[in-house]
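What follows is a set of notes on a single structure, which appears directly below.
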Number of protein chains: 2
Amino acid sequence: MTRVLVIDDEPQIVRALVINLKARHYEVDAAHDGATALQLAAARHPDVVVLDLGLPDMDGVEVIRGLRGWTRVPILVLSARHSSDEKVEALDAGADDYVTKPFGMDELLARLRAAVRRAEPVPGGEDEVVVDTAEFTVDLAAKKVHRGGRDVRLTPTEWHLLEVLVRNTGRLVSQKQLLQEVWGPSYGTETNYLRVYMAQLRRKLEADPAHPRHFITEPGMGYRFEK
Amino acid sequence: MTRVLVIDDEPQIVRALVINLKARHYEVDAAHDGATALQLAAARHPDVVVLDLGLPDMDGVEVIRGLRGWTRVPILVLSARHSSDEKVEALDAGADDYVTKPFGMDELLARLRAAVRRAEPVPGGEDEVVVDTAEFTVDLAAKKVHRGGRDVRLTPTEWHLLEVLVRNTGRLVSQKQLLQEVWGPSYGTETNYLRVYMAQLRRKLEADPAHPRHFITEPGMGYRFEK
DNA sequence: GTCGTCCTTGACGGAACCCTGACGGCCGCT
DNA sequence: AGCGGCCGTCAGGGTTCCGTCAAGGACGAC
């Protein structure tokens with residue numbers, strides 16, 4: 001869940017923001033002054049910060065600098081001032097966006113979504129992409145298989161088959177499902193394809209291809225990959 | 001130098017932006033319609049895009065979508081409309097910021113700086129700028145390749161291809177991805193380009209171009225750069 | 001205009017890959 | 001024991017894919 005830190009000293013604005021954000025399933029923290037805000041940011045590590053520049057205890061720009069000293073979290077600035085200078089100062093201090101009050105809630109939320117979106121890591125990121133077994137290693141992102149100190153070359157079909165099996169580690173995958181995922185939706189009965197390519201995978205990856213430990217046959221049903 | 005792509009059909013706005021940007025040492029490209037813009041973006045790979053939503057040939061939001069299909073370049077939207085709906089639509093389509101006309105040049109430039117700044121990779125981050133192999137050295141920052149005591153001359157396309165491969169060292173890069181990153185999003189099947197340019201890179205960088213050790217072909221899938 | 005660089009495009013030989021059929025082994029059933 | 005179903009193995013042939021070369025065109029520099 002996305003965590004938002006709201007920093008504003010006007011209770012009604014904080015309330016409006018909190019209600020709207022919570023309704024959209026954000027997790028919200030709120031602070032009414034700069035000192036509390038910096039403390040909360042350090043403690044809670046929000047995914048995005050909404051900051052009103054007019055705070056009782058310190059200049060809003062100082063809050064920006066305080067955050068930027070250690071984090072690149074997106075900062076969305078709110079302010080009643082329309083003055084260009086103030087906008088420039090806040091943006092150059094490290095703010096990501098600047099919205100003048102009064103603001104439309106829809107717009108603010110859209111800008112918040114934009115800020116969060118571009119901060120998130122590139123898609124296809126760090127979800128588990130490396131699978132280890134006793135004998136070999138499969139890197140799904142790099143499309144690489146390592147075994148006994150060297151890379152193993154797989155053909156496109158071999159790789160595709162391996163990928164489907166590994167993504168379903170421990171689960172039985174039916175022959176029909178394998179055929180459709182690798183060869184296309186119009187296939188489903190050509191089990192001889194599977195026999196041939198499973199044999200290739202075993203020959204390239206199993207220590208003893210005749211007695212596979214990782215690529216298990218479930219007679220009449222399908223195949224299963226075990227670590 | 002930071003490269004900016006300005007997309008607007010009003011000549012006076014384009015002129016004002018170009019003058020101001022050039023004075024601040026930005027490199028500027030300009031387009032006055034969406035089709036040209038998408039083409040230019042693909043060809044020039046700007047670091048930031050300034051986009052007016054009111055274009056003669058297509059909806060501005062379509063331009064945003066066209067760009068977001070293949071790049072995460074920051075997009076700063078200009079518009080005469082103050083309507084909240086339009087802002088929300090543009091931001092959710094993938095825009096990074098939204099400025100209503102008339103706008104202050106100072107503010108626009110500050111927002112542009114903010115957009116460019118946060119797109120920058122983490123300073124001192126873990127991505128290496130210099131990649132060494134046994135036979136040559138690639139300096140991604142300086143855009144230079146050193147081999148056997150001298151610089152190697154690469155054409156723009158050769159360099160671009162090398163860059164994509166090196167940034168994905170060890171990972172397989174599909175032919176489609178290479179074509180789209182180097183030649184633009186409308187390419188994807190012209191694998192003969194890849195064959196020609198991969199041969200050039202090998203001829204210039206491999207010790208034995210006929211038996212490449214660094215630029216590995218994975219038949220049917222793509223290419224891989226290995227140190 | 002002329003030259004040189006770079007990109008595109010087509011053609012061809014060779015390599016890699018995929019499909020296919022045949023054969024034998026294992027197992028359960030009759 | 002005999003049989004049929006299912007699976008593993010192997011090798012050949014057609015097809016796709018890749019590396020290489022060369023020619024033509026676009027573009028900018030001089």
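What you see is a predicted model, and the numbers here were worked out from it, not measured in a lab. Letters A, B, ... mirror the listed sequences (proteins, then strands); counts begin at 1.
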Rounded off to whole Å, could you give me the CD-to-C1' distance for the B/E218 and D/dG19 pair? 16 Å
Sidechain N-carboxylate O distance under 4.0 Å for B/R113, A/D92: yes
Hey, does the side chain of B/R68 reach the backbone of B/G94 with a donor-acceptor pair shorter than 3.5 angstrom? yes
Return no unless some side-chain N or O of A/W183 is found under 4.0 Å from OP1 or OP2 of C/dC19. yes
B/L194 has an atom CG; how far is it from atom C1' of D/dG19, in whole Å? 13 Å
Determine the contact category for B/Q175: base if any of its heavy atoms lies under 4.0 Å from a base atom, sugar-phosphate if only primed atoms, P, OP1 or OP2 are that close, otherwise nothing. sugar-phosphate
Relative to the 5' end of DNA chain D, which residue comes earlier, B/M221 or A/T217, by the nucleotide with the nearest heavy atom? A/T217
Relative to the 5' end of DNA chain C, which residue comes earlier, A/N192 or B/L154, by the nucleotide with the nearest heavy atom? B/L154
Taking the nucleotide of DNA chain C with the nearest heavy atom to each, does A/T157 or A/R195 sit closer to the 5' end? A/T157
Between CZ of A/R203 and P of C/dC17 the distance, given in whole Å, is 13 Å
To the nearest angstrom, how far is A/M198 atom CE from D/dC10 atom P? 17 Å
Minimum side-chain heavy-atom gap B/D132-B/V138 below 4.5 Å: no
Can you tell me the distance, in whole Å, between the CG atom of A/L179 and the C1' atom of C/dC19? 13 Å
Using a 4.0 Å heavy-atom cut-off across all strands, classify A/R153 as base, sugar-phosphate, or nothing. nothing
Nearest whole Å is fine: how far is C/dC18 P from A/Y193 OH? 12 Å
Is there a side-chain polar atom (N or O) of B/T191 under 4.0 Å from OP1 or OP2 of D/dC17? no
Calculate the interatomic distance between B/L178 atom CG and D/dC18 atom P; express it in whole Å. 12 Å
For C/dC18, take OP1 and OP2 only and decide whether either is under 4.0 Å from a side-chain N or O of A/T155. yes
Rounded distance in Å - CD1 (B/I216) to P (D/dC18): 14 Å
Quick check against the 3.5 Å criterion: does B/E86 have a side-chain atom that pairs as donor or acceptor with the backbone of B/S83? no
Does any N or O in the side chain of B/K227 come within less than 3.5 Å of the main-chain N or O of B/V131, such that one atom is a donor and the other an acceptor? no
Just N and O in the side chain of B/Y197: are any of them under 4.0 Å from OP1 or OP2 of C/dC7? yes
NA contact type, A/Y223, heavy-atom cut-off 4.0 Å: base, sugar-phosphate, or nothing? sugar-phosphate
